[in-house]
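One structure is given below, represented as structure tokens, and several questions about it will come after.
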Amino acid sequence: MKKIFISLILVSLSHMAFSKTEKWIIDRDHTKIGFEVPHLLISSVEGQFNEFTGEVMYDIANKDIKDLIKRMKFNVNIKANSIDTGNEKRDTHLKSPDFFNVKKKGHESIKFQSSSVTSVNGKRFRVNGNLTINKVTKPVTIAFKYLGSAKAYGILKVAFIGKVKIKREDFGLNWNDGEVKATNFAGKIAEAAGAVGNEVKIEIKLQAKRASDL
């Protein structure tokens, strides 16, 4: 019994020695924060944000899932003014008081800060946290998948892909341009309260650099 107890202590100490939660800085040049919004019921508009900062707390060597997720964190700060849908006129409208109102104090940034993480296999994670848009904060859960790590030019990197759906009206993004009607492929007429859909699909293709290598 004594030998078993000592073995357990040694295993625990070994884990503590080699398991290290580290800070990873989001690499903006290799990260995409994109979104897709329904348009006229029959298609969609896609876009992305070009300016953002953030960090991930993660341990690539930790096999103890409970310990791994306990220490794991995702934080992102996005400049709302960097929205880009490939159409200058539309982007100007999105930056206006009708949508993000980027010139108003407190509306300059879109923020996500994780509060807890759950996982089954250590590769797929449900990251719970608070999303703030237009000074409105709501809880959201982002489904992240760990894609792996690689070392290049002396810097170790990790990659994740995350997906979440939100309703823009929950964050005060209520603008629309009136009733529209559309006919689907089956010939059925559908109605919606405006040309712009409420549900927004967000996809984060994230690559981050180990802070200690920088």
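One-based numbering along the sequence shown.
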ask   = Within the distance-only criterion (no hydrogens, no angle test), does the side chain of R210 pair as donor or acceptor with the backbone N or O of L156 below 3.5 angstrom?
value = no
task = Heavy atoms only: give me the nearest S44-E36 pair and the separation to one decimal.
result = OG-OE2, 2.7 Å
ask   = Under a 4.5 Å cut-off applied to non-hydrogen side-chain atoms, are I133 and I166 in contact?
value = yes
message = Tell me whether D67 contacts the main-chain N or O of N62 through its side chain, where contact means a donor paired with an acceptor under 3.5 Å.
response = no
query = Between atom OG1 of T21 and atom NZ of K70, what is the distance when rounded to the nearest 0.5 Å?
reply = 10.5 Å
task = Flag the pair K135 / K104 as yes when at least one side-chain heavy-atom distance between them is below 4.5 Å, and no otherwise.
result = no
key: N50 side chain to I83 backbone, donor-acceptor under 3.5 Å   = no
query = How long is the gap from OG on S114 to CZ on F125, to the nearest 0.5 Å?
reply = 12.0 Å
inquiry  = Whether the side chain of T31 engages the backbone of Q207 through a donor-acceptor N/O pair (distance < 3.5 Å, no angle test) should be reported.
reply    = yes
request  = Indicate, with yes or no, if I25 and I60 share a hydrophobic cluster defined by side-chain heavy-atom contacts under 4.5 Å among Ile, Leu, Val, Met, Phe, Trp and Tyr.
outcome  = no
ask   = Are the side chain of S109 and the backbone N or O of K111 linked by a donor-acceptor pair below 3.5 Å?
value = no
ask   = F74 versus F160: any side-chain heavy-atom pair under 4.5 Å?
value = yes
request  = Check the hydrophobic clustering (I, L, V, M, F, W, Y; side-chain heavy atoms under 4.5 Å; chains of links allowed) and say if I202 and V76 are grouped together.
outcome  = yes
inquiry  = Tell me whether the count of non-hydrogen atoms from other residues, nucleotides or ligands lying under 6.0 Å of CZ in R90 goes above 12.
reply    = yes
ask   = Ignoring hydrogens and geometry, is there a side-chain-to-backbone donor-acceptor pair from N176 to V196 under 3.5 Å?
value = yes
task = Determine, stepwise, if the pair E108 / N81 fulfils side-chain contact (heavy atoms from CB on, under 4.5 Å).
result = CA-CA 7 Å; E108 305 93 340; N81 192 47; over 6 Å; no
request  = Kindly work out whether a path of hydrophobic side-chain contacts (I/L/V/M/F/W/Y, heavy atoms less than 4.5 Å apart) joins V140 to I33.
outcome  = yes
remark   = When rounded to the nearest 0.5 Å, the distance separating CG of D84 from CD of E51 is 10.5 Å
query = Which of these, I69, I65, I142, L68, sits in a side chain to side chain contact (heavy atoms under 4.5 Å, CB included) with V117?
reply = I69
query = Is there a side-chain contact between V158 and V56 (heavy atoms, below 4.5 Å)?
reply = no
request  = Please confirm whether H107 and F100 have ring centers closer than 6.0 angstrom.
outcome  = no
Full working for ring pair (Phe, Tyr, Trp, His ring centres under 6.0 Å) between Y58 and Y146 = CA-CA 10 Å; Y58 186 66; Y146 175 62; 5.1 Å; yes
N/O donor-acceptor pair under 3.5 Å between K32 side chain and K205 backbone = no
inquiry  = Are L131 and V164 packed together at the side-chain level, in the sense that at least one heavy-atom pair is separated by less than 4.5 angstrom?
reply    = no
message = Could you measure the distance from the NZ atom of K89 to the OG1 atom of T85? Nearest 0.5 Å is fine.
response = 12.5 Å
query = Going by distance alone, is a donor N or O of one side chain under 3.5 Å from an acceptor N or O of the other, for N134 and N101?
reply = no
task = Examine the side chains of T53 and N77 and answer whether a donor and an acceptor come within less than 3.5 Å of each other.
result = no
inquiry  = Parallel, tilted or perpendicular, judged at 30° and 60°: which one describes the rings of F49 and F35?
reply    = tilted
key: S115 versus N128, side-chain donor and acceptor atoms under 3.5 Å   = no
ask   = Which distance, rounded to the nearest 0.5 Å, do you find between the CZ of R126 and the OG of S119?
value = 11.0 Å
request  = State, with a plain yes or no, whether a side-chain heavy atom of D170 is found less than 4.5 Å away from one of V136.
outcome  = no
Path from F99 to V102 over hydrophobic side-chain contacts below 4.5 Å = yes
note = Heavy-atom nearest pair, F144 first then G162, reads CD2-CA, 3.5 Å
inquiry  = Counting C-beta onward and ignoring hydrogens, is there a side-chain heavy-atom pair between K95 and K103 closer than 4.5 Å?
reply    = no
Donor-acceptor pair, side chain of N130 and main chain of Q113, under 3.5 angstrom = no
query = When rounded to the nearest 0.5 angstrom, what is the spacing between CZ in R28 and OG in S82?
reply = 8.0 Å
Among K23, M72, R71, the one residue meeting side chain to side chain contact (heavy atoms under 4.5 Å, CB included) with M57 = K23
